[in-house]
2 protein chains.
Amino acid sequence: MPQKISENIQDYLKRIYEFTLSGGRASTNQLAQALGISAASVTNMVQKLSKTEPPYLTYEKHQGVKLTAFGQQAALKIIRRHRLIEIYLVEKLGYTWDEVHAEAEILEHAMSSLLEKRIDAALDHPKFDPHGDPIPDINLEIPEIEQTALSSLKIGNKGHVLRVPNEDPQVLRYLGKFGIRPGAHIKLISRTPYDQTMRIKITETGNEAIIGPSLGKKISIAKDS
Amino acid sequence: MPQKISENIQDYLKRIYEFTLSGGRASTNQLAQALGISAASVTNMVQKLSKTEPPYLTYEKHQGVKLTAFGQQAALKIIRRHRLIEIYLVEKLGYTWDEVHAEAEILEHAMSSLLEKRIDAALDHPKFDPHGDPIPDINLEIPEIEQTALSSLKIGNKGHVLRVPNEDPQVLRYLGKFGIRPGAHIKLISRTPYDQTMRIKITETGNEAIIGPSLGKKISIAKDS
DNA sequence: ATCAAAAATTAGGCTGACCTAAATTATGAT
DNA sequence: ATCATAATTTAGGTCAGCCTAATTTTTGAT
Ligand SMILES: [Mn+2]
Ligand SMILES: [Mn+2]
Ligand SMILES: [Mn+2]
Ligand SMILES: [Mn+2]
């Protein structure tokens with residue numbers, strides 16, 4: 001019997017999913033920091049989640065955790081709701097893309113299957129959230145998309161933006177100011193020698209923007225021609 | 001300092017508000033039943049809520065509770081959100097009026113001030129929810145409306161519906177089938193002698209409906225001419 | 001006025017989810 | 001290979017919000 005799953009656990013699973021997207025395992029400290037709680041609490045919880053029937057994750061002492069297929073489905077369900085809410089708020093209620101993440105972080109836990117269906121239908125089954133993250137479909141399938149970090153561009157290369165980091169409203173407002181959003185076409189103008197700061201040109205707006213290397217790693221693009 | 005208020009407490013305050021609308025105090029058992037918890041738990045909680053600074057309610061042993069002005073504001077805030085959600089779901093997401101109460105009961109706790117503002121604006125500051133209940137305005141003012149119970153009509157009298165009970169989806173579907181909804185014009189055709197069952201005619205649909213006395217007490221109307 | 005039944009309260013526990021402090025295990029620089 | 005430091009786990013709490021059982025208070029029918 002899939003027991004009812006608390007809001008807290010939903011957030012654990014979502015974080016673990018995100019941290020293990022590129023393979024590997026999520027560490028105790030990583031989760032503690034992301035969830036804003038102590039490492040001891042995380043250890044305690046993941047031990048519990050590894051002993052449910054069926055288990056949500058596999059836990060090996062000192063080796064971190066990894067979701068089971070069961071846990072992954074649970075995570076994807078929340079992620080679908082989170083991203084549907086984000087795009088709904090932008091499309092239908094006039095939110096800006098820097099406002100929606102915090103809101104969705106709460107609403108995702110209060111959303112029924114029915115509301116999920118209605119919102120999905122109202123938006124005509126959207127495929128991406130406002131930050132370019134893919135929305136798992138009704139069967140929780142999520143398309144694999146070929147993507148590169150902005151920071152890996154060579155000078156003079158062109159590309160278009162696929163995905164921007166969605167946590168930090170300040171960053172989103174900064175990016176928005178220059179028109180750096182999913183779909184925007186960009187070209188790498190220059191890179192400073194020591195700290196690797198990039199100057200990029202955005203085709204649509206004609207703007208130039210300065211992007212540091214750590215932010216550059218978090219912006220996903222597809223290379224053009 | 002108005003401490004952050006848990007979802008549980010929000011539900012306590014809302015129930016107490018409803019039970020004390022017509023003056024008087026809310027009893028321990030009444031609340032226990034409405035909240036689906038034990039009477040002992042209610043006693044415990046209301047004692048706590050009477051000792052906060054400022055207190056949410058006044059508690060007198062064996063005499064039930066009553067909201068303070070402070071508690072009433074807190075209750076009205078949730079009620080505003082509850083009713084805004086209900087009307088939004090009906091107007092914008094194709095919900096039927098029997099589906100929205102359960103949904104709002106959850107979403108009301110997950111709604112931010114910003115979302116409240118946006119939904120209110122999207123609906124152009126609606127005054128009533130789908131069941132005819134008034135929505136407190138942004139300042140939590142709620143209009144006083146003269147209303148009578150349907151069951152108090154005399155044979156041949158006419159009136160129009162102001163408010164229907166919103167908890168029970170089955171009842172709402174039954175009423176909906178005959179067109180008994182806020183605004184509908186009705187006329188009392190007959191009343192059976194012993195159990196007081198009423199037969200009423202709905203002008204808009206031409207339907208006749210059978211309404212028992214306990215349901216009749218929960219439907220509010222205004223008498224016409 | 002009496003007293004059984006109903007309502008409410010008190011006492012004592014439980015669970016989920018968190019905490020800090022102490023102990024253990026892993027890691028990486030020398 | 002050693003060992004200081006970092007990461008993790010264990011031990012022993014707290015707190016909110018619920019429970020049941022026992023007790024006390026109120027109420028209403030006689
Ligand atoms: Mn969340
Ligand atoms: Mn997003
Ligand atoms: Mn509620
Ligand atoms: Mn309602």
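Below, chain A is the first sequence line, B the second, and so on; all start at residue 1. Note that the structure is predicted; figures quoted are calculated from it, not measured.
- Checking D:dA21, C:dT20, D:dC18 against the side-chain heavy atoms of A:Ala40 singles out C:dT20 as nearest.
- If you measure from atom CG of B:Asp11 to atom P of D:dA16, you get 18 Å, rounded to the nearest angstrom.
- Side-chain atoms of A:Arg191 never come within 3.5 Å of backbone atoms of A:Thr197 as a donor-acceptor pair (strictly under, hydrogens ignored).
- Whole-Å rounding puts the B:Leu31 CG to D:dG17 P distance at 15 Å.
- For the pair B:Gln30 CD and C:dT9 P, the computed distance is 13 Å after rounding to whole Å.
- Remark: the backbone N or O of A:Leu115 is paired with a side-chain donor or acceptor of B:Tyr95 at under 3.5 angstrom.
- Among the protein residues, B:Ser38 comes within range of the nucleic acid bases, having at least one heavy atom under 4.0 Å from a base atom.
- Summary of the strand contacts: A:Val46 and B:Ala39 both lie near DNA chain D, and taking for each the nucleotide with the nearest heavy atom, the more 5' one is attributed to A:Val46.
- Of all nucleotides listed (C:dA17, C:dT9, C:dC18), C:dC18 comes nearest to the side chain of A:Ser41.
- Put simply, A:Lys61 has no side-chain N or O that comes within less than 4.0 Å of OP1 or OP2 on C:dA26.
- For the pair A:Ile37 CD1 and C:dT20 C1', the computed distance is 14 Å after rounding to whole Å.
- If you check the side chains of B:Glu99 and B:Thr96, you find a donor sitting under 3.5 Å from an acceptor.
- Applying the 4.0 Å criterion to OP1 and OP2 of D:dA16, one finds that B:Tyr12 has every side-chain N and O outside that range.
- In the set D:dC18, D:dA16, C:dT9, the nucleotide with an atom closest to the side chain of B:Lys48 is D:dA16.
- Distances were taken from every side-chain heavy atom of A:Gln47 (C-beta onward) to each of D:dC18, D:dT9, C:dG16; the shortest belongs to D:dT9.
- Contact annotation: A:Asn8 side-chain N/O to C:dC18 OP1/OP2 distance is under 4.0 Å.
- Ring centers of B:His82 and B:His101: under 6.0 Å apart, within the cut-off.
- Between D:dT8 and A:Asn29, a contact under 4.0 Å exists linking OP1 or OP2 to a side-chain N or O.
- Here the nucleotide nearest the side chain of A:Met45, chosen from D:dC18, C:dC18, D:dT9, is C:dC18.
- When the salt bridge (charged side-chain N to carboxylate O under 4.0 Å, His left out) test is applied to A:Glu108, the partners found at least two apart in sequence or on another chain are A:Lys14.
- Distance CG (B:Asn44) to C1' (D:dC19): 11 Å, rounded to an integer number of Å.
- Closest-nucleotide positions on DNA chain C for A:Glu7 and A:Gln63 were compared, and the one nearer the 5' end corresponds to A:Glu7.
- The nearest whole Å value for the distance from the CD1 atom in A:Ile9 to the P atom in C:dG16 is 9 Å.
- The phosphate of D:dT9 has OP1 or OP2 within less than 4.0 Å of a side-chain N or O from A:Tyr59.
- Taking side-chain N and O atoms only, B:Ser6 has no distance below 4.0 Å to OP1 or OP2 of D:dA16.
- The interatomic distance linking A:Glu60 (CD) with D:dT8 (C1') rounds to 14 Å, in whole Å.
- The side chain of B:Thr43 places an N or O atom within less than 4.0 Å of a non-bridging phosphate oxygen (OP1 or OP2) of C:dT9.
- In this structure, B:His62 atom NE2 and C:dA6 atom C1' are separated by 12 Å, rounded to whole Å.
- Within a 6.0 Å sphere centred on CD of A:Gln33, other residues, nucleotides and ligands contribute 12 heavy atoms or fewer.
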